[in-house]
Amino acid sequence: MSTHFVGEGNIGSAPEYREFPNGNEEPRRLLRLNVYFDNPVPTKDGYEDRGGYWAPVELWHRDAERWAGLYQKGMRVLVEGRTVKDEWEDADDNERITFKIEARRVGILPYRIESVTLSAKSPTEQ
């Protein structure tokens, strides 16, 4: 079961990078982010968060290792992907259900960013 997802939130902890063997092929690379998707509602004094939630965000990509150093705790991001039901058992053999986001894109929003530095294009990008 999955559903299209687009949400804006803050990264709540340092990104987690992992590699998984893939036979003789290049390893599969995963960047996992823990994101708080808030629900800001306007009030007379500004905004109030009503009904936000934490969700694990998984980004499978060959550049995940490089991106692990780019994303930081507290950074505001826009996530697009799909919501996926993840069933598992805890250490006491109890069945658990979690919903995670399998991201297609994770965009960095400009809040709290002081500067941006672009690298030169690689020959394959030209």
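As the structure is a computational prediction, the values presented were derived from the model and not from experiment.
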Looking at [X] and [Y], what are the two nearest heavy atoms and their distance?
{"X": "Ile11", "Y": "Ser13", "result": "CG2-O, 3.1 Å"}
{"X": "Ala68", "Y": "Pro15", "result": "O-CG, 3.7 Å"}
{"X": "Arg29", "Y": "Arg62", "result": "CD-O, 3.2 Å"}
{"X": "Lys73", "Y": "Ala14", "result": "CB-N, 4.3 Å"}

For the atom pair [atom1] ([X]) and [atom2] ([Y]), what is the distance rounded to the nearest 0.5 Å?
{"X": "Asn34", "Y": "Arg32", "atom1": "CG", "atom2": "CZ", "answer": "10.0 Å"}
{"X": "Leu31", "Y": "Trp60", "atom1": "CG", "atom2": "CH2", "answer": "11.0 Å"}
{"X": "Arg76", "Y": "Glu8", "atom1": "CZ", "atom2": "CD", "answer": "4.0 Å"}

Do [X] and [Y] belong to the same hydrophobic cluster, where Ile, Leu, Val, Met, Phe, Trp and Tyr are linked whenever their side-chain heavy atoms lie under 4.5 Å apart, directly or via other members?
{"X": "Leu30", "Y": "Leu33", "result": "no"}
{"X": "Val6", "Y": "Val35", "result": "no"}
{"X": "Leu59", "Y": "Val84", "result": "no"}
{"X": "Leu78", "Y": "Ile113", "result": "no"}
{"X": "Val77", "Y": "Trp54", "result": "no"}

Inset, instruction - Verify the neighbour count for atom CD of Glu89: are there more than 12 heavy atoms of other residues, nucleotides or ligands below 6.0 Å? - result: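 Yes - once you tally the heavy atoms of other residues, nucleotides and ligands closer than 6.0 Å, there are more than 12.
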
Inset, instruction - Decide if atom OH of Tyr47 counts as having more than 12 heavy atoms of other residues, nucleotides or ligands within a radius under 6.0 Å. - result: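 No.
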
Legend entry - Salt bridge Glu25-Arg28, side-chain N to carboxylate O under 4.0 Å: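 Salt bridge flag = no for Arg28 with Glu25.
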
Inset, instruction - Give a yes or no on whether the backbone of Asn94 and the side-chain of Asp92 come within a donor-acceptor separation of less than 3.5 Å. - result: no

Inset, instruction - Could you tell me whether the side chain of Asn39 and the main chain of Arg50 form a donor-acceptor pair under 3.5 Å? - result: yes

Inset, instruction - Verify whether the ring centers belonging to Phe99 and Phe5 lie closer than 6.0 Å. - result: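 No - the distance between ring centres of Phe99 and Phe5 does not fall below the 6.0 Å cut-off.
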
For residues 100-111, tabulate all N or O donor-acceptor pairs below 3.5 Å that involve a side-chain atom, not counting sequence neighbours.
{"residue": "Lys100", "atom": "NZ", "partner": "Glu58", "partner atom": "OE1", "Å": "3.3"}
{"residue": "Glu102", "atom": "OE1", "partner": "Arg82", "partner atom": "NE", "Å": "3.0"}
{"residue": "Glu102", "atom": "OE1", "partner": "Arg82", "partner atom": "NH2", "Å": "2.8"}
{"residue": "Arg104", "atom": "NH2", "partner": "His4", "partner atom": "ND1", "Å": "3.2"}
{"residue": "Arg105", "atom": "NH1", "partner": "Glu80", "partner atom": "OE1", "Å": "2.1"}

Legend entry - Derivation of the side chain to side chain contact (heavy atoms under 4.5 Å, CB included) call for Asp49 and Tyr36: CA-CA 11 Å; Asp49 182 22; Tyr36 181 74; 2.4 Å; yes

